[in-house]
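Everything on this sheet refers to the single structure shown next.
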Amino acid sequence: MIELKDINKTYNNGQPLHVLKGIDLNIEQGEFVSIMGASGSGKSTLLNILGILDNYDSGTYHLNGTLIKNLTEKQAAAYRNRMIGFIFQSFNLISFKTAVENVELPLFYQGVPRRKRHELAMQYLEKLGLRDWAQHYPNEMSGGQKQRVAIARALITHPQIILADEPTGALDSKTSKEVMALLKELNRTEKITMVIVTHDSGVAAQTDRRIHISDGLIVND
Amino acid sequence: MKDLFVEIWESVRRNKLRTCLTGLAVSWGIFMLIVLLGAGNGLLNAFSEQGGTFATNSMMVGGGWTSKPYDGLAQGRRIVLDDKDIEVTRGKNFKGIVDKVASTVGASDTVVLGTKHVRGYIEGNFPARMEMEKIPLTHGRFINDKDITDQRKVVVLPDNMIRILFGEKVDLASVIGKRVKINNLQFQIVGIVRANEMQDNNLFYAPYTTVKTIYAKGKEIDDLTFTFHGLETEEENEAFEKNFKAIINKLHRAAPDDESAIWIWNRFTQNMQMNKASGILTIALWVLGIFTLLGGIVGVSNIMLITVKERTHEFGIRKAIGAAPGDISKLIITESIVITAFFGYIGMVLGMVACEILDATAGHNVTEVMGMQMQLLKNPTVGVDVALEATLLLIIAGTIAGFFPARKATKVRPIEALNAN
């Protein structure tokens, strides 16, 4: 599913910063993986490259057999839209849109008709127990609810992988557990590949495979 | 499409005051453009009303004074046109260009009715002159061919002279057929024209042959007018006039290149120049209006830049979940066009209302300038064509206003946009 070979990435902000120093990584379909590392270790950069939000300098990245390299913004957007679902620490919901409108948005960019995408979004919200909250705005919801809206938004396009960046980072411990349980269940029942970046070993412990990154290299898999 | 407008409404709704203030500048710009063009139209309409009283494909020719010695004669000699000139103008020299030729002779005289009398200028005319000079006949008829051949004593008087003779409240139509005395001869009134307010020399018309005989004018004529065709450019007209002068000058023993021996009033080139002048005026008004509008456009562009900056994070989210750069720029440019067009239309409607008010007030004011009755503005409004052009202008303006902000929004990489706050 995910094939990384010798990925290198250097940031050039004033002085060059070599963030990823040759990452080799294979993640199979249906895996439940966590990537751990201290801040500055390069784990977020790796996640951004996996999510086609950022490009890399050398090496190869194959996603589901497609080489992801030198894409135009338009192509990258299309791949992100169809193959990848994102879950962020700060939820990244659009504040002036209701829960259901937020969930609909990826389908809007696929050109799905309004009625159809509304129907689908309602199904996903129901699945995540948020049916009654569909017409609420993000600031009217709790952190756990917001993250579940975000998960619904990530799921609605049937992505091959879900990339989660500290999905529980802004949640209390009880809600964290619920969200992790939800992700685990989605992995088990829907067979969605799940990659979670975290520095919380408690979160990592719930995944099937733990990858440790330190100073731009994988040190422990 | 509906989704796009829902998005735009969501964005505008969050910044009502800001959007309205900026929109006001656009409204003002379009308002000024419409009012300027309306007033300009009024001015041009008033001009052409006053200047457009003759056939535009005609020239009037009259005698002048020589400006150089020639053929043994000194300069400063008066040239009087005569029958020979009519013949030559009609003749083979100008075949294919000159169509109809009509000449006039005239004299100052008094029209008498009982104890009432009014001084005026009796002008002997051919029937063709009515068309050439656009003589504004209101009642009866003009001179006809039979009047010419029979040397009938008939007269066409302006309404102001009729009122002096028959009283202020006279029914003009009832005057036709009545007789007046001119030069101690009975003349029958056959037609009435609208008096020319620009000149108060009480010009009235009688058959050419009649006037010539009564006032013993011999071969001499006052002026001659002819219609023509086939001279399309100013250069062609100039060349024709030069040639015409050379030929007529020779008949009067004046130098062929003498510019002032005879004068030519070419209504065609005059009209051409007037059209050119009005074209320049219209362009100048558009430029003024567009510059006024420019302030509004810069405002909209500015607001869109701020909006883009504020929404960077949101655009980052959209990009992460699959919005292509085109989706984002479409959003911004459409928002810009909608704001510009919406407020522009308000300005346009207000501008048109202002034009109507102008029409209802100043549009009917007749001002007296140096003893002449003048209407400064006539129908100072704009047509559908201007409204359509202004609409097109607004859409272009909106696109331009949205273009740079949109480019800025699409240039930010998704990861930077997501991290922005």
Side-chain angles (χ1 to χ4, degrees), chain A residues 9 11 13 44-45 47-49 51-55 71-98 101-115 117-118 137-138 150 152-157 159 163 165, chain B residues 1-19 303-304 306-335 338 403 405-421:
Chain A
K9 172 77 182 174
Y11 285 119
N13 292 335
S44 285
T45 305
L47 190 80
N48 290 337
I49 289 171
I52 331 180
L53 290 169
D54 206 348
N55 45 18
L71 300 178
T72 64
E73 262 305 319
K74 197 177 166 183
Q75 289 170 316
Y79 282 131
R80 282 197 294 270
N81 184 252
R82 290 176 187 278
M83 301 217 241
I84 301 163
F86 289 98
I87 298 169
F88 302 93
Q89 178 177 4
S90 54
F91 323 123
N92 279 344
L93 298 175
I94 294 175
S95 59
F96 56 86
K97 287 185 180 293
T98 60
E101 284 168 351
N102 266 289
V103 177
E104 277 179 40
L105 207 53
L107 294 180
F108 169 69
Y109 289 117
Q110 283 185 6
V112 175
R114 174 205 311 276
R115 193 183 297 271
R117 57 173 202 258
H118 187 78
Y137 289 92
R153 183 179 65 184
L155 288 173
I156 199 162
T157 56
L163 301 175
D165 188 3
Chain B
M1 205 60 190
K2 193 186 165 194
D3 295 305
L4 195 59
F5 285 109
V6 169
E7 295 264 14
I8 288 164
W9 172 238
E10 278 174 349
S11 168
V12 170
R13 198 182 50 186
R14 278 174 292 146
N15 300 301
K16 275 195 214 102
L17 181 65
R18 182 166 95 183
T19 310
I303 280 299
M304 292 312 297
I306 294 172
T307 305
V308 163
K309 185 123 184 93
E310 283 176 354
R311 294 177 72 181
T312 306
H313 183 67
E314 177 209 327
F315 289 152
I317 300 172
R318 286 173 188 268
K319 284 175 180 173
I321 62 174
D327 293 316
I328 302 287
S329 53
K330 192 165 80 185
L331 201 61
I332 295 160
I333 289 178
T334 319
E335 182 173 333
V338 166
F403 179 76
R407 208 174 60 163
K408 194 178 150 92
T410 51
K411 271 206 167 159
V412 183
R413 303 230 320 281
I415 187 68
E416 289 163 18
L418 268 177
N419 292 333
N421 221 343

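Given the structure is predicted, the values throughout are model-derived calculations rather than measurements. A, B, ... follow the sequence lines: proteins, then strands. Residue 1 opens every chain. Just so it is clear, the values below take in all heavy atoms, side chains as well, and ignore hydrogens, waters and symmetry mates.
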If we define contacts as heavy-atom pairs under 4.5 Å, which of Phe96(A), Phe108(A), Phe86(A) has the most with chain B? Phe96(A)

Keeping the roles fixed (side chain from Arg153(A), backbone from Asn102(A)), state whether a donor-acceptor pair exists under 3.5 Å. no

Distance in Å, Asp3(B) CG paired with Leu331(B) CG, rounded so as to fall on 0.5 Å steps: 11.0 Å

What's the separation between atom CD in Glu101(A) and atom NE2 in His118(A), rounded to the nearest 0.5 Å? 9.0 Å

Proximal component of Tyr79(A), with respect to chain B [non-hydrogen, under 4.5 Å]: neither

With a 4.5 angstrom heavy-atom cut-off, which part of Ile317(B) approaches chain A: side chain, backbone, both or neither? side chain

Tell me if a side-chain donor or acceptor on Lys319(B) pairs with a main-chain N or O of Ala417(B) at a distance below 3.5 Å. no

Give me the one residue out of Arg318(B), Lys330(B), Lys2(B) that meets salt bridge (Lys or Arg N to Asp or Glu O under 4.0 Å) with Glu7(B). Arg318(B)

Looking at Ala324(B), Ser11(B), Ala320(B), Gly326(B), which has the largest count of heavy-atom pairs under 4.5 Å with chain A? Ala320(B)

Asn48(A) versus chain B, heavy atoms under 4.5 Å apart: side chain, backbone, both or neither? side chain

Quick check on Ile52(A) against chain B: is it the side chain, the backbone, both or neither that has a heavy atom closer than 4.5 Å? neither

How long is the span from the CZ atom in Arg80(A) to the OG1 atom in Thr157(A), to the nearest 0.5 Å? 12.5 Å

Looking at chain B, which one of Lys74(A), Lys97(A), Gln75(A) has the largest number of heavy-atom pairs inside 4.5 Å, strictly under? Lys97(A)

